[in-house]
Amino acid sequence: MHEKFEALIEGYLADDYATCEDFFDEKLIAALRKNLLKGHADGIMHRAGVGKQSSFQQNQKVRGDVISWIENDSIEPSELGFMRIVEAFYRHLNQTCYTGINGCEFHNALYETGSFYKRHLDQFKQDSNRQFSLVTYLNEDWVDTDGGELVLYLSGEEKIIQPQGGRVVFFKADKIEHEVRPASRERMSIAGWLLRE
């Protein structure tokens, strides 16, 4: 895993974001996808919102995904495997870049056909805990014509990233505005943040 950790860090330092195609192995990605779909079928996913606490609101003109949080005490094997790797990554990030990350939070996200998330930052105005965003795509057999791209708004350019299964995207939560474009099929991911509290 050390090489994959370094690839994300080096990409981020060079370009302000990084991607990795096989950060998690195919078997774990398949298990995470199955877990997300089961949660959706069981009705445990709920409409996502924007804002936090008193400013929280659901607004489908801004954001259309349904989510379920991965709890710290989860005993679901694929979620445990996912969190073990994420925690190893942020420990490595701390050791090599002195980032002071001391926690994380992640949720499963399903965008139904045609839904989207308009341009935004992953940082609350009243809470600066989120330091880095980390998105993992769970889609199977995704092709460019399916849409659903992640668009990163970098200084002077837009970087368009296809949500192909197994791909991970890493960027600074309070610096890079981004959006999710509509897709012609369901789009699945695990999205979350490395925290400094």
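Keep in mind that what you see is a predicted model, and the values were worked out from it rather than measured. Because only heavy atoms are used, hydrogens play no part in the values below, and waters and symmetry mates are left out as well, while side chains stay in.
In this structure, Gln131 CD and Leu195 CG are separated by 8.0 Å, a value rounded to the nearest 0.5 Å. A distance of 8.5 Å separates OH in Tyr12 from SG in Cys97, rounded to the nearest 0.5 Å. In this structure, OG in Ser189 is found 7.5 Å from NE2 in His107, a value given to the nearest 0.5 Å. We find the CE-CD distance between Met188 and Glu140 to be 7.5 Å, quoted to the nearest 0.5 Å. Interatomic distance, Asn108 CG to Ile67 CD1, rounded to the nearest 0.5 Å: 9.0 Å. Here the OG-CH2 distance, from Ser133 to Trp193, works out to 7.0 Å after rounding to the nearest 0.5 Å.
Tyr17 and Leu121 are assigned to two separate hydrophobic clusters, defined by single-linkage of ILVMFWY side chains at heavy-atom distances under 4.5 Å. There is a path of hydrophobic side-chain contacts, each under 4.5 Å, that joins Ile85 to Leu8. A continuous path of hydrophobic side-chain contacts links Leu13 to Leu194 [ILVMFWY only; heavy atoms under 4.5 Å]. No continuous path of hydrophobic side-chain contacts links Val180 to Val151 [ILVMFWY only; heavy atoms under 4.5 Å]. Grouping the Ile, Leu, Val, Met, Phe, Trp and Tyr side chains by contacts below 4.5 angstrom, directly or via other members, places Trp142 apart from Leu138.
Between Leu110 and Met45 there is a side-chain heavy-atom pair separated by less than 4.5 Å. Counting heavy atoms from C-beta on, the side chains of Glu158 and Leu154 never come closer than 4.5 Å. Using a 4.5 Å cut-off on side-chain heavy atoms (C-beta onward), Leu152 and Phe171 make contact. With contacts defined as side-chain heavy-atom distances shorter than 4.5 Å, the pair Phe132/Lys175 does not qualify. No side-chain heavy atom of Val168 sits under 4.5 Å from any side-chain heavy atom of Asp22. You'll find the side chain of Asp144 reaches within 4.5 Å of the side chain of Gln164, heavy atoms only. For the pair Ile190 and Val135, the minimum side-chain heavy-atom distance is 4.5 Å or more.
Scanning all heavy atoms of the two residues, the minimum distance from Gly147 to Gln162 falls at O-OE1, 3.9 Å. Between Gly114 and Pro182 the shortest heavy-atom distance is O-CB, 3.7 Å. Residues Ser68 and Ile44 approach most closely at CB-O, 4.1 Å, considering heavy atoms. When all heavy atoms of Ala7 and Ala18 are compared, the closest pair comes out as O-CB, 4.4 Å. Of all heavy-atom pairs spanning Arg47 and Gly64, the tightest one is NH1-O, 2.7 Å.
A side chain to side chain donor-acceptor pair (under 3.5 Å) check over residues 26-35, counting only residues at least two apart or in different chains, returns the pairs Asn35-Glu79.
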Take Arg196 and Asn94, measure what side chain to side chain contact (heavy atoms under 4.5 Å, CB included) needs, and give me the verdict at the end. CA-CA 11 Å; Arg196 186 169 62 218; Asn94 286 341; over 6 Å; no
Phe106 vs Leu134, test: side chain to side chain contact (heavy atoms under 4.5 Å, CB included). Steps then yes/no. CA-CA 9 Å; Phe106 285 89; Leu134 187 72; 4.0 Å; yes
Side chain to side chain contact (heavy atoms under 4.5 Å, CB included) between Asn102 and Tyr90, intermediate numbers included: CA-CA 8 Å; Asn102 57 11; Tyr90 78 66; 5.9 Å; no
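Between Lys118 and Glu179 no salt bridge is recorded (no basic side-chain N to carboxylate O distance below 4.0 Å). Electrostatic pairing of Arg185 and Asp146 counts as a salt bridge here, judged by a charged N lying under 4.0 Å from a carboxylate O.
Within 6.0 Å of atom NZ in Lys159, 12 or fewer heavy atoms from other residues, nucleotides or ligands are found, so the atom counts as exposed in its surroundings. For Asn72, the CG atom counts as loosely surrounded, since its 6.0 Å shell holds 12 or fewer non-hydrogen atoms of other residues, nucleotides or ligands.
Using a 3.5 Å distance cut-off with no hydrogens or angles, the side chains of Asp122 and His178 do pair a donor with an acceptor. For the residue pair Glu76 / Ser78, a side-chain donor-acceptor distance below 3.5 Å is found, with atom types taken as modelled. At a cut-off of 3.5 Å, with distance as the only test, a side-chain donor of His92 or Glu6 sits close to an acceptor on the other residue.
In this structure a side-chain-to-backbone donor-acceptor pair under 3.5 Å is present from Ser115 to Glu112. Checked by atom type and distance alone, the side chain of Arg167 never pairs as donor or acceptor with a backbone atom of Thr136 at under 3.5 Å. Of the possible polar contacts, one joining the Asn139 side chain to the Pro163 backbone as a donor-acceptor pair under 3.5 Å is found.
Judged by the 6.0 Å and 45° rule, Arg187 forms a cation-pi pair with Tyr111.
Remark: Phe89 engages Phe5, Phe23, Phe170 in a ring pair (Phe, Tyr, Trp, His ring centres under 6.0 Å) (not counting sequence neighbours).
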